[in-house]
Amino acid sequence: MIQTISTTPYLDQKMGTAGIRKKVKTVMQPNYLENFVQSLFDSIGGVAGQTFVLGGDGRYYNDIALQKIIKMAAANGMKKLIIGQNGYLSTPASSCVLLKNHADGGLTLSASHNPGGVNGDFGIKYATSNGGQCSSSISEKIYSRTKEITSYQILDIEDIDLSYIGVQYLEDMEIEVIDPIKDYLEMMEGIFDFDAIRKLFKSGFSFVFDAMNAVTGPYGIKIFEEVLGAPEGSVHQAKPLPDFGGLHPDPNLVYAKHLVDLMYSDDAPDFAGANDGDGDRNMILGKKFFVSPSDSLAILTDNYHYIPAYKKGIAGVAKSAATSTAVERVAKNLKINYFEVPTGWKNFCNLMDSGRITFCGEESFGTSSSHIREKDGIWAILFWLNIIAKTGKSVEQITRDFWKKYGRTYYLRFDFDGIDTSVADQLMADLESKLPSFEGQTFDGYKVSRAHPFIYQDPVDGQTTKNGLLVYFEGGARICFRLSGTGTNGATLRVYIESYDPINFDKDSPQELEKLLGVAMILAEIEKRTGKNKPDLTT
Ligand code: G1P
Ligand code: ZN
């Protein structure tokens, strides 16, 4: 039944910050998915005898892609595929299952927080045996292979039924369909104080978890409602839908505005958390209060001792360069390792594998620890609930206590979307060449103390990566410029801005950062080059 199908290469199958992401319609072209999957298999020396984990966020086209991948895996001699029931596995659960089973690799079918549906995006994240997404050197190999592929192998058989938990065989390949939640839940029970959180809910603490019509709905119902006793109905938008019900499943102030509105109304519950399409991002809100993701990472790190799994101490913490410097102050105070890495979770993995760090996070609503090698949305929410249960304080109190101790970092990210790729590349190249000339100059009252590209050398594999341009100002303000690596629509220029205030915690972030945004627009000549006089999105 093994067929060898001739094919011709597509030249655009390059992975970005987190796997390959394309418009669904691009992926629906003949052999597009097959070419990528066979190239992946080929460039890692084949998959004969290997075990892979397979799942996804349930978005449009996943059902078709799953069947193709299963048939290709069997045709390529894979030994075993572990698949989430009905093809569901959140990104963190996939990493958890991969590590637990000592699998050789994992494929998560997701374009993360990008919209779904036939007009939306599709994606594949590829994890290696350490549970984290493959390094850039591996993705480069795969990309090279996609440009020369001439054939792929696939079984010519009926689709496989993925609705029953249990084992079946396809030729010589074992297919184990698993409960997508069980292993992940067990892992969470081993980290957090579930009894304390149960008591918190019993005491009447009100809570909403918004799954944005994506994969973590069933996880939320099981964990928060059934196991921890949050009232039925606490999980909102709980049914995973192929088009996420039209939502852009990215939990931030813009795309989860419905939740923000609820939390700023008089009926606001005590706590709200939301996850993105594949469950690796999180947003945290208290009553009329929003926690910036950069602050969230810093607060979790500062409160690590409330969590059973981390009580004995944490090795260190890392953040992406674009993330605010709030956590740096915590690391100094706790005297733990501290690293700044390029954007993208894969850059944290060597630090975790080598025991250098325990926690890590990004400004883009991602936080996690070394329990897996992905960011973890539900983990972050459980962490906050555990702190609340132990301290009896509200989200706002916990955050204000943190500011009192360390000062407040005002932080926002401004995105300029849909820029012509060549315009965006030129803007970055010219800005980079001008950076040295900014040093010592004052722009609208802000004096530049240093300006340079962010260059990271991984302490484990020695690889060097350049990612973003940094401008530091006297007094602690900072601007970071970089181009997105996950978009499917031209280029997105991201401008990350922060300022630091040790005393005054009640300023409005957009107002506080307005002048610095103006400075950023001047430094990078944004209006002149893109025609845009303001950002398209502020998060
Ligand atoms: C974005 C975020 C980055 C995150 C990635 C995957 O990448 O900025 O922090 O790791 O999505 O969720 P970007 O589009 O900026 O390359
Ligand atoms: Zn995601």
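First listed ligand is number 1; within each ligand, the first listed atom is number 1. Computed from a predicted structure; not experimentally measured. Along the sequence shown, residues are numbered consecutively beginning with 1.
Between Glu512 and Arg408, no side-chain nitrogen of the basic residue sits less than 4.0 Å from a carboxylate oxygen of the acidic one, so the salt-bridge criterion is not met. Using a 4.0 Å cut-off between a side-chain N of Lys or Arg and a carboxylate O of Asp or Glu, Glu363 and Arg494 do not qualify as a salt bridge. Note on Glu527 versus Lys534: no salt bridge recorded, every NZ/NE/NH1/NH2 to OD/OE distance being 4.0 Å or above.
The aromatic rings of Tyr184 and Tyr219 stand perpendicular to each other, their planes meeting at an angle above 60°, with 30° marking the opposite boundary.
Shortest contact from atom 12 (O) of ligand 1 to any protein heavy atom: Lys375 NZ, 2.9 Å. Nearest non-hydrogen protein atom to atom 10 (O) of ligand 1 is Glu362 OE1, 2.7 Å. When only non-hydrogen protein atoms are considered, atom 7 (O) of ligand 1 lies nearest to Thr486 CG2, 3.5 Å.
Residue-level check: among N/O/S atoms of Asp280, OD1 sits closest to the Zn ion (ligand 2). Nearest N/O/S atom of Asp276 with respect to the Zn ion (ligand 2) is recorded as OD2.
Ligand 1 places these atoms under 4.0 Å from at least one heavy atom of Gly485: 13 (P), 14 (O), 16 (O). Residue-ligand proximity, Arg494 to ligand 1, at heavy-atom distances under 4.0 Å covers atoms 8 (O), 13 (P), 14 (O), 15 (O). Contact atoms of ligand 1 toward Glu363: 8 (O) (distance under 4.0 Å to a heavy atom of the residue). Short contacts between ligand 1 and Arg413, defined as distances under 4.0 Å to a heavy atom of the residue, involve ligand atoms 8 (O).
For the pair Lys147 and Tyr143, the cation sits on the ring face: its NZ or CZ lies under 6.0 Å from the ring centre, inside 45° of the axis.
In terms of polar-atom proximity, His113 is not counted as a contact of ligand 1, lacking any N or O under 3.5 Å from an N or O of the ligand. Taking distance alone, with nitrogen or oxygen atoms compared against 3.5 Å, Trp345 stays at or beyond that limit from ligand 1. Checking only distances, Leu483 never comes within under 3.5 Å of ligand 1, N or O to N or O.
Arg281 pairs in a salt bridge (Lys or Arg N to Asp or Glu O under 4.0 Å) with only one of the listed residues (Asp250, Asp376, Asp210), which is Asp250. With Phe359 as the partner, the ring pair (Phe, Tyr, Trp, His ring centres under 6.0 Å) test is satisfied by one option alone out of Phe383, Phe339, Tyr304: Phe383.
The option from Lys346, Arg482, Arg281, Lys125 that lies nearest to atom 11 (O) of ligand 1, judged by heavy atoms, is Arg281. Distances from atom 2 (C) of ligand 1 to the heavy atoms of Ala18, Gly344, Ser364 put Ser364 nearest.
Ser90 places no side-chain N or O within 3.5 Å of a backbone atom of Val215 that could act as its donor or acceptor partner.
Of all the heavy atoms in Gly361 and Phe348, the pair that sits closest is O-CZ, 3.5 Å.
At a threshold of 2.8 Å, the Zn ion (ligand 2) has no backbone or side-chain N, O or S atom of Asp57 nearer than that distance.
Counting heavy atoms from C-beta on, the side chains of Leu107 and Leu54 come closer than 4.5 Å.
At a heavy-atom distance under 4.0 Å, only side-chain atoms of Thr343, from C-beta outward, approach ligand 1.
The OD1 atom of Asp278, the Zn ion (ligand 2) and the OG atom of Ser112 define an angle of 110° (nearest 10 degrees).
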- Task: List the steps, then state whether side-chain contact (heavy atoms from CB on, under 4.5 Å) holds for Tyr496 with Arg482.
- Result: CA-CA 8 Å; Tyr496 310 81; Arg482 63 177 283 281; 2.8 Å; yes
